[in-house]
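Before any comments, here is the structure.
Everything numeric in this text was worked out from a predicted model, so none of it was measured. Throughout, protein chains are lettered first and strands after them, A, B, ... in sequence-line order, and every chain is numbered starting at 1. Heavy-atom basis, side chains included; hydrogens, waters and symmetry copies ignored.
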Amino acid sequence: METIALTASYLFDWHILLAALAGVTWGIMGGALPGISPSITMALLLPFTYTMDPTGAIVLLASTYIGAEYGGSVPAILIRTPGTNAAAATVIDGYEMNKQGKAGLALGISLISGFYGSMFGLAMLMALSGPLALVALNFTPMAYFALGILGLSVIATLSGENLIKGFIAAILGLMIATIGSDPVTGGTRFTFGSSELLGGIEPVMIMVGLFAMSELLIQASKRGADERVTSRPRIQFPDWKLTKRLFPAQMIGNGIGTFEGVMPGAGGTIASFMAYNEARRWSKHPEEFGKGSPEGIAAPETANNTVAETALVPLLSFGIPGSNSTAILLGGFLIHGIVPGPMLFERSGEVVYGLYAGLFAAIIGMVIMGFLMLPVCIWLVNRPRPYLNAFILALILSGIYSIHNETFDLGIMLAAGVLGFFMRMLRFPFLPTVLGLVLGYLVESNFRRSLVLSGDDFMIFIDDRISLSLLLLAFLFIAGSIGKHVYDAFFRKPKTVSES
Amino acid sequence: MTRLPLYAAASAAFILSGAAVQAQEYPVDTVTLITHSSPGGGSDVFLRELSRYLAPYLGANVIVENVSGGSGASAMARLAQAPADGSIFYATTPTFIYTSLLSDPEYKYTDLEPLVNFFIDPEVIYTAADSEFETLEDVIQYARDGRGQWGAANPASLERQALEQLKAAADVNAAVVTHEGGGDLMINVLNGTLQIGVGEVQEIQSQLEAGELRLLATFSEERLDAFPDLPTVAESGYDVVVRKFRGLAGPKGLPEDVITAWEAATQAVLEDEEYKAAYEAGNLRAEFIPHDEYNAFIEQFGTETSTFLKETGVIE
Amino acid sequence: MLTRDFVGGVATIVIGAVYLYFAYQLRVSALDDSMGPGGLPRIYGWLLVGLGSILVIQALVARSLAAPAGAEPVKGEWDGQGRKIAYAAGLLVIAMGYIFIVETVGYLVSVGLLIVTTALYLGAGFSGRLLAIGIGGAVFLYAMFVSLLGVRMPAGMLAPLGL
């Protein structure tokens, strides 16, 4: 109660409101540009925060962060390009709805889900920071490994018809994740002497290649056939019936997002894929997933926006940034001589309450800005195909270049595009590749770290209670999916090869 | 992983410094300081803070750029190919020596010229406040009795080397677990997975003040001013001393006037009252090392590290 | 007759084998854990080879099951694929052309050329509108990335003009 009263007292500070609105607008824009990650969007503002007052500076950066996490869904729906890593899961059903001429509704669902997610996350941050921090504190390397395996268990759902092809696709992703420096010794792997590869390959380059570039190549290969349905340039919020249908999916997103957000290093991408998977498992219309299900947008979007708020828990409670974006926020604190951690509330309570108020204002601002900006975006993607695709190609080549200022990265993105093109031609699902890519490092580093801790005793994964329960859960999911596939293969009418 | 020109940082720093008297004529208008740390990271924040105060003393615009590819490999490549006119420098920490030796990149620390040193950060050993360990000896004894679990922040780093050397000096068998940065490490010390962690005081400051962590020893040569009761590792009977430097390096063949300008500006900025208050609050220890000595210092550091890595079989 | 699954399986085995070849060359050191840098990569490599083989077998079995039953053979599966690949390759060449020229010609001009060439290739007729979109698109992207976000795009020969 006291928290709410203190927070409310900052809500009328025009300084904070202005910073929140400016931040969220800038964030949506940065997030919507492929290649410009939330952390880059924030880093660009960092220098301006030197001269601001501490609260305003923190609010500006934090609002940019939540704006950017939301903004990533816009190109995911409209041009099949995830603007941020976490928006990858939104592409699946978002782009399908767009193709059916329902872009306005898809964007409306993602905006309203982003709003729910952020508000729920903010409430969790304000009310349950303490207990949530305790959960994060008890996550050992073993538990992180188990969390990664749980994430990988989603592969079975993303594989489509052929589980073998899904596993192959996932391992391709895991392999790409091994490029760079070794997580235990620091030595180099698979870099072939190239200094560009020393730091590993940014997942977004592969994602943009697999999703967007492969789509451009496929459309080029079809020459002229334009079978899309144009959408009306108007944002459409879900009606009451749809709202009721979306609610369970959003609850799932809230729950998973809260949990994943507080783990440093887990992140929004895993949360959104897991939320997508669970929403599909519990949905009354699981068959619609992958073909333009509104729940398929609501679940991941709620999850990654919840993560954007609860990711602040470890930062404020321990001073530990869980991602590149929160690392920049930490920088913003440090520049103003504020050290986040256990003493933060005592020493700089006013900054924290100001931050809460700013986040609240930013979430409201996000809906307003989205409502104003999105119709223009829909209008833009309704232009004739050749022009639109030419512009998308120019956009992704510009965006990927801006990550490291290297043309080398453009080559990687194109290679991923070609890989995606052939995977689609040979009917391989490529979502498992994205998942393997995102989880590869987390799984490998924590697996090996745990074995170093135990002196190569595998019992350590069972002795750790969190690890044991997560592994059991993952085992149930995988066994269930394999069981279903086997059942389908033996007891249902076999499908002919030419259909597969 | 990002590389960003932050021109705005420069203009902000320049406006702030506008009132100050320009000390001398520096050969170029704008100096770019490169860090391999990503925006908001430890070295990045340090450098941005420094750039604000440095500009007036140097008489040039100072901007910070993040070139974070390959733990410094990209930054070294960039520097080695840049003109040696005083317009570009690399903010170095021991990482650049480790990366040179471990990854064997095309351009190494030996392709750069050390300029001056600014700080030596104290590295300390810490444990959770609710743990049973009161002294370093308790930890060593625990490792002697069974199997110790010690943590370092990054895979191939000065902290890891320090722990491996401590292990050797104490002749115990402890697992040295590496992490993805100091925060990750701290969580595992706090939740009791590890008995001790090694890090810079500034990283754990907040937890220290809150009484969540306890210091056991420092790897510095002498006791720290801020913690006069904290023994050094050497005092505890294990001859391991660690010097984590923070300085600058430039392309080979830096002109004499640039070096003189930097030596003067560095000493002046370290004496600046306002900056001093800022860096002392962050537990940084100023240690100016002039150009000639710094060259020898880096060379010696490189040789010692290379010997260690060869003895442990990491490199040939 | 080659089915998609057969081709996919063979490609998987090849990728796995190449990856394994490099995975076995990774260095070991005293600071390594027992898995070492090569531990998991080797597992990944062998898994890929194994799964690829299963896919190949699956494809062969499926074909032999389908053939005697008199079912429609997989004829026609590859019809027109060659032309499709060629069309896609054309777009790839344009993108590679952009990478090739951007550092010498400069961002503003290259990105304008990229938009115009791609649109022409994808079937837009040559018109004033096309040129306007090329120029407008290039200026818009330049304003977004260079002016607003401060990305240092290659200036190339436009460097003297400050672009």
Residue pair C/Leu141 / A/Phe391, side-chain heavy-atom distance below 4.5 Å: yes
Heavy-atom pair with the smallest gap, counting every atom of A/Ser402 and C/Phe145: OG-CE2, 3.9 Å
Side chain / backbone / both / neither for A/Ile168 at chain C, heavy atoms under 4.5 Å: both
Which portion of C/Ile115 sits near chain A, non-hydrogen atoms under 4.5 angstrom: both
Leading residue by heavy atom contact count with chain A [cutoff under 4.5 Å; candidates C/Ala119, C/Gly9, C/Gly38]: C/Ala119
Pairs of heavy atoms under 4.5 Å with chain C: top-ranked of A/Leu451, A/Val452, A/Thr41, A/Leu33: A/Leu33
Contact summary for A/Ser221 and C/Lys84, nearest pair of heavy atoms: CB-O, 3.2 Å
Side chain to side chain, A/Asn162 and C/Asp5, heavy atoms closer than 4.5 Å: yes
Listed partners of A/Arg424 passing salt bridge (Lys or Arg N to Asp or Glu O under 4.0 Å), at least two apart: A/Glu215
Candidate pair A/Val418 and C/Leu92, rule side-chain contact (heavy atoms from CB on, under 4.5 Å), full reasoning: CA-CA 8 Å; A/Val418 173; C/Leu92 194 67; 3.6 Å; yes
Heavy-atom proximity to chain C below 4.5 Å, by part of A/Phe428: side chain
Those residues of residues 392-399 of chain A, ordered by number, that approach chain C below 4.5 Å (heavy atom to heavy atom): A/Leu393, A/Ala394, A/Leu395, A/Leu397, A/Ser398, A/Gly399
Top of C/Leu130, C/Val111, C/Val7, C/Leu48 for chain A proximity - count of heavy-atom pairs under 4.5 angstrom: C/Leu48
Leading residue by heavy atom contact count with chain C [cutoff under 4.5 Å; candidates A/Phe422, A/Phe421, A/Phe192]: A/Phe192
Closest-packed option against chain A by number of heavy-atom pairs under 4.5 Å, given C/Leu47, C/Leu114, C/Ile94, C/Ile54: C/Leu114
Closest approach of C/Leu122 to A/Ala390 (non-hydrogen atoms, all atoms of both residues): CD1-N, 4.4 Å
Contacting moiety of C/Gln25, where chain A heavy atoms sit under 4.5 Å: neither
Listed partners of A/Tyr441 passing ring-ring contact (aromatic ring centres under 6.0 Å, His included), at least two apart: none
Top contributor to chain A contacts, counting heavy-atom pairs under 4.5 Å, from C/Tyr44, C/Tyr19, C/Phe22: C/Tyr19
Backbone N/O of A/Met425 and side chain of C/Arg4: donor-acceptor pair under 3.5 Å: yes
Region of A/Val443 that comes under 4.5 Å of a non-hydrogen atom in chain C: neither
Winner by heavy-atom pair count (cut-off under 4.5 Å) against chain A, out of C/Gly123, C/Gly36, C/Gly45, C/Ala23: C/Gly36
Reported CG-to-CD1 distance for the pair A/Leu217 and C/Ile85, which is rounded to 0.5 angstrom: 11.0 Å
Contacting region of C/Leu26 [heavy-atom separation from chain A under 4.5 Å]: side chain
Rounded distance [0.5 Å steps], CG in C/Leu20 versus CE in A/Met175: 6.5 Å
Heavy-atom contacts under 4.5 Å, residues 133-140 of chain C to chain A: C/Ile133, C/Gly137, C/Phe140
A/Ala220 versus C/Tyr87, closest heavy-atom pair with distance: O-CB, 3.4 Å
Gap between atom OG1 of C/Thr12 and atom CD1 of A/Ile171 - 0.5 Å precision: 9.5 Å
Between CE on residue C/Met35 and CD on residue A/Glu444, distance to nearest 0.5 Å: 7.5 Å
Per-residue contact mode, C/Met96 against chain A (heavy atom under 4.5 angstrom): both
Winner by heavy-atom pair count (cut-off under 4.5 Å) against chain A, out of C/Val102, C/Ile15, C/Leu148: C/Leu148
Per-residue contact mode, A/Ile218 against chain C (heavy atom under 4.5 angstrom): neither
Minimum heavy-atom distance between A/Arg448 and C/Pro37, given as atom pair plus value: NH2-N, 3.5 Å
Other residues, nucleotides, ligands: >12 heavy atoms within 6.0 Å of C/Phe100 CZ: no
